[in-house]
Amino acid sequence: MPRSSETVAALASALAKAQAELVNPEKSLTATIHTGRPGEGERSFRYAPLSSGLDIVRKTLGQHEIATLQTTAIDQTAGMVHLTTTLAHASGEWIASDWPVCPIVDTANPQRMGAALIAGSVRGTDGARTPVAAGQ
């Protein structure tokens with residue numbers, strides 16, 4: 001199965017420009033973890049909501065005529081649900097990556113499958129920030 005269009009020069013150029021503009025989302029939320037271990041208190045850390053990062057990536061890619069498309073497929077042989085992320089450019093060029101997100105049996109547990117798809121989705125859009133991820 002092809003992983004990209006025959007040429008990717010226009011997409012690569014647009015992606016390089018978009019990556020130069022990407023910024024980290026603001027860490028606007030705080031989480032506190034109670035370890036429950038004797039002698040250890042709680043730990044806090046700041047983090048950015050997923051939606052903030054996705055908003056930044058979508059806006060920046062869109063300004064450079066790059067769309068992200070994500071589809072799922074079931075691989076009966078491997079017993080896995082796969083998430084395919086495609087970066088498509090207005091020129092018609094594209095590159096795709098595939099991520100096995102969870103076993104088929106997890107489809108019976110919507111919460112587990114949803115968490116796996118979200119994690120896969122984030123990894124898929126990492127290709128916008130990290131070219132190696134997109135080519136895997």
Side-chain angles (χ1 to χ4, degrees):
M1 177 174 178
R3 305 305 297 156
S4 69
S5 54
E6 279 191 35
T7 63
V8 294
L11 171 60
S13 176
L15 190 55
K17 291 172 186 170
Q19 287 174 331
E21 295 174 16
L22 287 172
V23 296
N24 289 325
E26 178 185 348
K27 293 181 179 181
S28 59
L29 301 174
T30 303
T32 302
I33 298 173
H34 305 279
T35 64
R37 295 181 194 148
E40 283 190 29
E42 51 187 46
R43 291 185 275 171
S44 295
F45 61 93
R46 298 184 54 71
Y47 68 99
L50 176 60
S51 59
S52 295
L54 291 175
D55 288 346
I56 291 168
V57 170
R58 287 181 185 130
K59 179 180 177 187
T60 305
L61 292 181
Q63 290 171 341
H64 294 278
E65 299 183 305
I66 301 169
T68 56
L69 308 141
Q70 293 186 310
T71 59
T72 56
I74 294 177
D75 180 345
Q76 294 288 351
T77 306
M80 295 294 291
V81 176
H82 286 257
L83 177 70
T84 300
T85 300
T86 304
L87 296 179
H89 186 253
S91 66
E93 294 178 347
W94 59 275
I95 187 167
S97 64
D98 189 59
W99 188 259
V101 292
C102 66
I104 292 172
V105 297
D106 284 354
T107 60
N109 183 332
Q111 186 175 9
R112 185 177 297 161
M113 189 171 104
L117 285 171
I118 289 170
S121 176
V122 170
R123 289 187 187 272
T125 58
D126 276 348
R129 296 189 312 270
T130 312
V132 173
Q136 290 179 340

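Residues take their numbers from the sequence shown, with the count starting at 1.
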Q | CD1 on I74 to OG1 on T107, rounded to 0.5 Å | A | 6.0 Å
(Q) Could you measure the distance from the CH2 atom of W99 to the OG1 atom of T84? Nearest 0.5 Å is fine. (A) 12.5 Å
Taking only distance into account, with no hydrogens and no angle test, what donor-acceptor pairs under 3.5 Å do side-chain atoms of residues 49-66 form with protein atoms, sequence neighbours excluded?
from : atom 1 : to  : atom 2 : distance (Å)
T60  : OG1    : I56 : O      : 2.9
H64  : NE2    : E21 : OE1    : 3.2
H64  : NE2    : E21 : OE2    : 3.0

**Q.** From T86 atom OG1 to I95 atom CD1, the distance as rounded to the nearest 0.5 Å
**A.** 9.5 Å
Q | Between CZ on residue F45 and CG on residue L29, distance to nearest 0.5 Å | A | 10.0 Å
Q) Given the rule that I, L, V, M, F, W and Y join up when any side-chain heavy atoms are under 4.5 Å apart, are L83 and I104 in one cluster? A) yes
Q: Check M80 against P100 and note the closest heavy-atom contact, atom names and distance.
A: CE-CB, 3.8 Å
Q. Honestly curious: do V23 and Y47 fall in one hydrophobic cluster under the side-chain, below-4.5 Å linking rule?
A. no
(Q) For the NE2 atom of H82 and the OG atom of S97, what is their distance to the nearest 0.5 Å? (A) 12.5 Å
Q. For the residue pair T32 and S44, what are the closest heavy atoms and their distance?
A. OG1-OG, 3.1 Å
Q: With rounding to the nearest 0.5 Å, note down the distance linking CG in L11 to OG in S5.
A: 7.0 Å
Q) With a 4.5 Å limit on heavy-atom distance, are the side chains of D98 and R3 in contact? A) yes
Q. Who are the side-chain contact (heavy atoms from CB on, under 4.5 Å) partners of E6, not counting sequence neighbours?
A. none
Q. Which salt bridge (Lys or Arg N to Asp or Glu O under 4.0 Å) pairs, counting each pair once, include a residue from residues 37-50, with sequence neighbours left out?
A. R37-E40
